[in-house]
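Presented below is the structure to which this report refers.
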Amino acid sequence: MYAKVIVDVPAKQTNRAFDYEVPSSLSKWVEVGSRVGVPFGPRVLQGFVVELQEETQVDAKRIKPIQNVLDLVPPLTSELVSLGRWISRMYMCHEVTALQAMLPAALKAKYERVIIVGDESEEQSFLDMPDIEAIISFVKSKESVSMDVLLERFSKEGALIKELLSSGRLTEVQLVKDRMNTKKALTVFPPAGGRGLEEALSELPARANKQKDVLRYLIEHPHAIRLTELMETIEVGASTVKSLADRGWIELREVEVMRDPYMGRAFERTKPLTLTEEQSGVFAPIRDAVAEDRHEVFLLHGVTGSGKTEVYLQSIQQCLDMDKEAIVLVPEISLTPQMVERFKGRFGDLVAVLHSRLSNGERYDEWRKITRKQVKVVIGARSAIFAPFTNIGLIIIDEEHESSYKQEESPKYHTRDVAVQRAKQQDAVVVLGSATPSLESMEKTRRRRDRPKPPFTLLTMKERVASRPMPPVTIVDMREELKTGNRSMFSRSLYKAIEERLHKKEQTVLLLNRRGYATFVMCRTCGFVSQCPHCDISLTYHQSSHALRCHYCGYAEREVKECPSCQSEHIRHFGTGTQRVEEELSKIFPGIRVIRMDVDTTTEKGSHEKWLTMFREKQADVLLGTQMVAKGLDFPDVTLVGVIAADTVLNIPDFRSAERTFQLLTQVAGRAGRHEKQGEVFVQTYTPEHYSVQYASHHDYIAFANHEMDIRANLGYPPYQRLILITFSHEQVPLLVRMAEAFVTRLKEIALPYTRQQVDLFSEAVSMDSSFHFDVLGPVASPISRIKDRYRFQCVVKYRGEDLAAEIVGKTVAWFEERSAKEKLLVSVDVDPQYLM
DNA sequence: AGCACGCCGACT
DNA sequence: GTCGGCGTGCTC
C-alpha cells in the first residue's frame with residue numbers, strides 16, 4: 001500500500017504529493033486525511049495523506065515508509081482534503097497551507113531535535129573514559145534530551161559531545177510533536193461494583209477517619225470521580241486518597257479531560273417559538289431543501305429585528321431530525337454570550353462553540369468534540385466552516401455581507417464561497433442571512449440571459465417581529481451646525497436627545513466609526529506628523545500606553561511632548577477617538593455613566609462580555625464604541641442610537657465605501673427600539689445628500705442596491721466583474737518597478753490567446769454578458785507604499801469568466817517566480833480582495 | 001523550507 | 001595548496 005502525502009513545507013517546489021510506503025503495521029491507521037510523520041530528505045516532517053493507492057510510479061528504491069501516524073482519528077476527512085485542493089487552486093496558495101488552515105492551532109506541528117543514545121553494540125569495547133560514561137548514562141536516564149539541556153549539563157565537554165555524535169554513540173533525531181497536549185486529570189477508580197471496599201474499611205485502623213470517609217463515599221457512589229472533585233466533596237487531602245491507592249484498594253490514574261469553556265454554566269432550555277407568517281414563508285423552502293437533501297443556496301434578506309435567528313434555529317432542528325449536522329457562522333465580533341446562549345439553550349450539549357477568545361487548548365477540545373461525534377452543531381467564526389463533520393445538512397452564514405469573512409492571510413479565502421463549495425460537495429443547504437446583503441450575493445439571486453436559473457434563491461422578510469416599526473432616522477447636517485457656531489462633536493439635536501434619555505432613564509448607543517480614521521499626532525505649529533520609519537504610514541496614538549504605534553509592523557515609540565521637528569509644544573491628537581468622545585460627554589453631561597468599547601478596552605479575555613452585561617444591567621447610560629456596538633446587540637432599554645460621524649467610511653477611496661456606509665448605518669439603526677419602547681436614530685454627517693446616507697435613513701435596501709449596482713456595472717466593478725489584486729514588494733524601488741512591469745507585460749501576453757479564443761468561439765450572437773473580459777490595471781504604487789522597509793507596487797486584474805482568469809494569473813505567477821525568487825522579490829495574490837490596498 | 005553539492009577568493 | 005562563500009537543485 002502506498003500513500004500520497006503533502007508535506008509541511010509551503011514552497012513552490014514541494015507543492016505536490018510525495019509517495020510513501022504504508023508499513024503494514026500502520027495500515028489500519030493510515031487514511032485519507034491522516035496526519036503522519038514522514039522522512040523527507042534528511043529530516044522528518046509532518047504531512048497529510050491525500051490519497052491511498054495499491055501501486056506507485058516512483059522507483060522502489062526511492063520510496064521511504066511513513067514513520068508514524070499522529071492522531072488516533074484522522075483530523076481531516078477526505079471531503080476536507082478535496083476542499084483543500086479546491087481552495088489552493090481558487091486562491092492560489094500552497095496545498096499544505098490550505099490544509100493547515102482547517103486545523104486548530106494546537107495541531108500545528110512542532111519540530112523538536114533531541115539527542116538519544118545511538119547504536120551501542122559495537123562500540124562497547126572502547127575503554128570508556130568516566131566523562132563519556134557520565135554523558136551516556138545521563139542521556140540514557142532521560143531517554144532523550146535536547147542539545148541545549150545536554151550542553152548546559154556538560155558545559156565543559158562540548159568537544160567530547162561533538163565527537164560522540166560524529167562517532168554515532170549519540171545520535172540526533174527530529175521528532176514531530178503537537179503544539180498542544182491534551183489535558184489530564186487524576187481520577188479515582190473504585191473497583192467494579194465497589195467490591196472489596198467493605199473489607200478495606202474494616203482493615204483500616206480505627207483513627208484513619210479520613211480514609212474511611214473516602215471509602216464510605218465510594219461504597220455509596222461506586223463510579224469513577226475526579227480527584228479534585230472528590231477532595232472538594234468530602235473535604236479530604238490528596239495524600240489520604242493516595243494512600244488508599246497505594247494499598248491497592250482503589251485505582252488512581254490520569255484520564256484525559258476536556259477543557260469546557262462553558263463548564264458549569266446551565267443554559268435554560270428553550271422551545272421553538274411560533275413563527276410569524278413571514279418567517280414561515282421563508283422557513284418552508286429551507287426546510288424542504290434540507291428534508292430533500294438538495295443542495296441549494298438561499299439568500300435570506302431580513303430587516304434588523306425580523307427574527308432571522310429563530311428561522312436558523314428551526315432549520316437546524318430540521319437538520320438534526322434528519323440526523324445531519326449543521327454549521328453556523330457568525331462574524332467574530334457578534335459571537336456574543338447572548339448568541340451562544342440561544343443556540344446552547346435550544347440544542348444543549350449538541351453544540352460546540354469555536355471562537356478566537358478561546359485558548360488554544362479550549363478550542364482544540366471543542367474541535368475534538370466534533371471529530372468524536374459528540375456534537376451535531378458548530379457555531380463559530382470564519383474557520384468553523386472547516387468543522388470536520390461528514391454529514392452536513394445545513395450551513396448558515398449570518399451577516400453574510402461582513403468583510404471579516406474574507407481571510408486576510410494566506411489562504412485568502414472567502415468563507416461564503418468556501419461554504420458554497422463545501423455544501424456542493426456534501427449536498428447541503430446554505431443559508432446566507434443579512435439585513436444588508438452583499439451586492440455579490442444579491443446579484444447571484446437575479447436572473448440573467450445566460451443564466452435562467454440564478455445560483456442563489458432570494459427569501460425576504462420585510463417586517464420586524466410583533467410589527468414593531470423601524471425607528472425614524474434623523475440626518476443631521478454637521479456643516480449647518482458649524483455655520484451656527486457649534487464646534488463640538490455633538491449636534492444640538494443629538495445633545496437634546498441624549499439629555500432626554502438621561503431624564504427618562506433610558507439608554508443610548510453611540511457609534512464612532514474609526515476605520516481609516518486612526519488617531520494620529522500632529523504639531524500645530526509646523527504640521528509635523530510622526531511617521532513609521534519602516535512603513536509609509538503615520539503612527540497611531542494609543543492612550544493606554546501613551547505610545548505611538550505602527551499598525552503594520554508593530555514599531556512603537558514614546559509619545560512626544562515637544563515637536564521633534566520645530567520643538568513647539570503645540571501637539572494635537574487628531575481623529576476623533578472614542579476617548580475624546582467620552583471626555584466630551586462627561587464635560588457636557590456631568591455625572592453621565594459611559595461604557596467605552598474599543599480595541600483598547602476589550603483586549604482582556606472576557607472584557608467584551610463584562611461591558612455588555614454591565615450595560616444590560618443598566619449600570620451605564622451610554623454605550624460608546626466602534627463597529628463592535630453595531631452588530632447583533634439587543635437591549636430592551638436602548639431607545640436612542642447616535643452615529644457621531646457617518647462619513648468616515650465614505651471618505652475612504654474604495655469602490656465599496658458606499659456599500660459599507662449603508663451597511664453600517666442600517667445595522668446600527670437596527671439597535672434602537674427592538675422592544676416595546678419606540679426608538680430613534682440620529683446620523684451626523686457632512687454629506688447628508690449622499691445616496692448611501694439617504695437610503696439608509698429610509699431603511700430602503702433594495703433602492704440602495706439598485707442604485708449601487710448601476711454604478712458598479714458602469715465602472716466594471718464587482719459584482720459585474722471580479723478582481724484579483726497582485727502585490728509586489730522589494731527593498732529597492734527601481735528593481736521593483738521593473739519587475740512589476742515585466743509581470744504585467746507577461747500577464748497580458750499570456751491572456752491574449754484566451755481572449756482571442758473567446759472571440760472566435762462565441763460569435764456576435766452571444767450577448768455581451770457572457771463574453772470574456774480581462775483587463776489589467778497598473779502597476780502602480782500601493783496605497784501603503786512601504787511596509788517593514790519593503791516598497792510595494794500592485795496591479796489589479798478585472799475579469800469575467802472566472803476559471804480562465806485564475807489559470808492565466810496562475811501561469812504568470814509561476815513564470816514570474818522563477819525569475820523573482822533570486823531577487824528576493826515577493827508576490828502576493830488576492831482573489832476577490834475586500835480592500836484594494 | 002532545509003540541506004547538500006559545487007565552483008571561485010583570503011588564509012595557515 | 002585548503003577553508004569557506006552562498007548559487008542551484010532536490011526532497012517520495
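Below, each value reflects all heavy atoms present in this structure, side chains not excepted, and no hydrogens, waters or symmetry copies.
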Query raised in the report: What's the CD-C1' distance between A:Gln67 and C:dT11, to the nearest Å?
Result: 15 Å

Query raised in the report: Hey, is A:Arg656 close enough to A:Glu440 for a salt bridge, meaning N to O under 4.0 Å?
Result: yes

Report task. Figure out the CG/C1' separation between A:Asn15 and C:dC12, and round it to whole Å. Result -> 15 Å

Query - A:Asp19 CG to C:dT11 C1', straight-line distance once rounded to whole Å - result: 13 Å

Requested in this report: Under the side-chain contact (heavy atoms from CB on, under 4.5 Å) rule, what do A:Lys64 and A:Val38 come out as? Steps first, then yes or no, please.
Outcome: CA-CA 8 Å; A:Lys64 293 180 186 173; A:Val38 288; over 6 Å; no

Report task. Go through residues 48-63 of chain A and report each residue with a non-hydrogen atom lying under 4.0 Å from DNA chain B, sorted by number. Result -> none

Query raised in the report: Which atom names give the shortest non-hydrogen contact between A:Ala814 and A:Lys12, and what distance separates them?
Result: O-CE, 4.0 Å

Query raised in the report: Salt bridge or not for A:Arg422 and A:Glu79, using N-O below 4.0 Å?
Result: yes

Requested in this report: Residues of residues 2-14 of chain A with any non-hydrogen atom less than 4.0 angstrom from an atom of DNA chain C: list those, numerically ordered, please.
Outcome: A:Gln13, A:Thr14

Query - Length of the line joining A:Lys64:NZ and C:dT11:P, which is rounded to integer Å - result: 9 Å

Report task. State which residue, out of A:Leu539, A:Ile787, A:Asp789, fulfils the side-chain contact (heavy atoms from CB on, under 4.5 Å) condition with A:Cys532. Result -> A:Leu539

Query raised in the report: How is A:Phe40 classified with respect to the nucleic acid when contacts are heavy atoms under 4.0 Å: base, sugar-phosphate, or nothing?
Result: base

Report summary line: Heavy-atom closest pair (A:Gln53 atom, A:Asp19 atom, distance to 0.1 Å) is OE1-OD2, 3.7 Å

**Report entry** Salt bridge A:Asp832-A:Arg722, side-chain N to carboxylate O under 4.0 Å
**Finding:** yes

Query - Within-4.5 Å side-chain heavy-atom neighbours: A:Phe728 and A:Met739 - result: no

